[in-house]
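One structure below.
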Amino acid sequence: MQALISAIESGQIRVGEELPSERDLAEHLGVGRGSLRECLAILEFLGAIENRGSRKKVARDADYIRRAASFVRISNQLDSMEDFNEFRRVNEVAIAGMACQRATKEDLAEIAAAMARLEANPEDPVGDVLFHDALAVASHNMMLAATIHLVNSMIADVRRRFFKKPDYIRRSQESHRAIFEAIKSGDVELAKREMNLHLDIVVEFSGRYPELREEE
């Protein structure tokens, strides 16, 4: 991202113009193609890059991308887990209540599919991500759904480390099931309470196993 910002500021890449091919752009910026691909995917999600078929163009200026980079950089700070937990409690508890009131049959089917994956593959954290993403979509609030999806990607490594603890897996599974059942029944207060209890588990394990929050 920093290489891209520098290229925009120097005029080598202009806002509104098509970007070179991935291979040429990676070579021009002096970065690996894998890193570039990940960077462009994040910026596309944040609206800084527009996808034009096989080509992409920069849709926002360097200042916007710098702000996006600072937001993503939060995920690498070892002391940011409390902020993530607080963010999730404020937003995901509300999402659980909204999903109770707004979820369609299709939404419930997506949540059920994520729940089934969680139970079939207890050690696979992807099911956890899909579950929370599906809940957010079921809130039918586009801002919440997009933000939760981004936050899930930012804490993916931490989530994987949590799933190495069998006791976390067991309690998390039970909690996910309780949330799902509350939403199926349409009980707003119960769904919000179960989500709060679920996030309590995350906070508890963050305190009990601080090493889970750090890269191995």
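A quick note: this is a predicted structure, and the numbers were derived from the prediction, not measured.
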Do D187 side-chain atoms and L190 backbone N/O form a donor-acceptor pair below 3.5 Å? yes

Common cluster, V188/I95, ILVMFWY with side-chain heavy-atom separation under 4.5 Å: no

Taking every non-hydrogen atom, the tightest pair across A59 and E50: CB-CG, 3.6 Å

In terms of relative ring orientation, are F162 and Y168 parallel, tilted or perpendicular, with 30° and 60° separating the classes? perpendicular

Under the 3.5 angstrom rule, does the side chain of S10 hit a backbone N or O of S6 as a donor-acceptor pair? yes

side-chain hydrogen bond (donor to acceptor under 3.5 Å, both in side chains) test vs E22 passes for just one of R37, R55, K56, namely R37

Report yes if the side chains of V31 and M1 come closer than 4.5 Å at any heavy-atom pair, otherwise no. no

Are side-chain heavy atoms of M195 and H132 found at a separation under 4.5 Å? yes

Would you say the side chain of I169 lies within less than 4.5 Å of the side chain of F163, judging by non-hydrogen atoms? yes

Verdict with reasoning, I179 to L135, per side chain to side chain contact (heavy atoms under 4.5 Å, CB included): CA-CA 10 Å; I179 294 168; L135 279 186; 4.0 Å; yes

Can you measure from CD1 (I8) to CZ (R60) and round to the nearest 0.5 angstrom? 12.5 Å

Below 4.5 Å, heavy atoms only, C-beta onward: do L19 and V58 meet side chain to side chain? yes

Indicate, with yes or no, if V137 and V126 share a hydrophobic cluster defined by side-chain heavy-atom contacts under 4.5 Å among Ile, Leu, Val, Met, Phe, Trp and Tyr. no

Using a 4.5 Å cut-off on heavy atoms from C-beta on, say whether the side chain of I183 contacts that of E194. no

Is I111 reachable from L130 through a run of hydrophobic residues whose side-chain heavy atoms are each under 4.5 Å from the next? no

Using the rule that two of Ile, Leu, Val, Met, Phe, Trp, Tyr join whenever any of their side-chain heavy atoms come within less than 4.5 Å, decide whether L197 and V202 are in one cluster. no

Is it the case that the side chain of E119 and the backbone of Q173 share a donor-acceptor pair, with hydrogens and angles ignored and the cut-off at 3.5 Å? no

Considering only NZ, NE, NH1 and NH2 on the basic side and carboxylate oxygens on the acidic side, decide whether D128 and R160 come within less than 4.0 Å. no

Carboxylate-amine/guanidinium proximity below 4.0 Å for R170 and E174: yes

Begin from the C-alpha positions of D167 and R208 and carry the test side chain to side chain contact (heavy atoms under 4.5 Å, CB included) through to its verdict. CA-CA 12 Å; D167 48 342; R208 283 172 56 189; 3.2 Å; yes

Could you go through V129 and R159, starting from their C-alpha distance and side-chain angles, then the distance that decides it, and tell me whether this counts as side chain to side chain contact (heavy atoms under 4.5 Å, CB included)? CA-CA 9 Å; V129 173; R159 182 177 260 122; 3.5 Å; yes

Please round to the nearest 0.5 Å and tell me the distance separating atom OG of S206 and atom CZ of F84. 11.5 Å

So, taking the atom named OG in S35 and the one named CG in L29, what distance separates them when rounded to the nearest 0.5 Å? 11.0 Å

Considering non-hydrogen atoms only, spot the tightest contact between D107 and R102 and give its length. OD2-O, 4.1 Å

Indicate yes or no: does R177 engage E181 in a salt bridge with an N to O separation below 4.0 Å. yes

Work out which heavy atom in I148 is nearest to a heavy atom in A136; give both atom names and the distance. CB-CB, 4.0 Å

Is it the case that one hydrophobic cluster holds both L43 and I5, taking links as side-chain heavy atoms less than 4.5 Å apart, direct or via other members? yes

Out of curiosity, I65 CD1 to Q2 CD, how far, rounded to the nearest 0.5 Å? 10.5 Å

For C100 and A191, which heavy atoms make the closest approach, and how far apart are they? SG-CB, 3.4 Å

When you look at CD of E18, are more than 12 heavy atoms from neighbouring residues, nucleotides or ligands closer to it than 6.0 Å? yes

Is there a side-chain contact between H176 and H198 in this structure, where contact means two heavy atoms from C-beta onward sitting under 4.5 Å apart? yes

Between OG of S175 and CG of D200, what distance do you get to the nearest 0.5 Å? 9.0 Å

Kindly indicate whether the side chain of E9, heavy atoms from C-beta on, has any atom under 4.5 Å from the side chain of R66. yes

What do the steps show when you test V203 against E86 for side chain to side chain contact (heavy atoms under 4.5 Å, CB included), and what is the final call? CA-CA 9 Å; V203 172; E86 191 173 73; over 6 Å; no

Once you round to the nearest 0.5 Å, how far does NZ of K184 lie from CG of L108? 8.5 Å

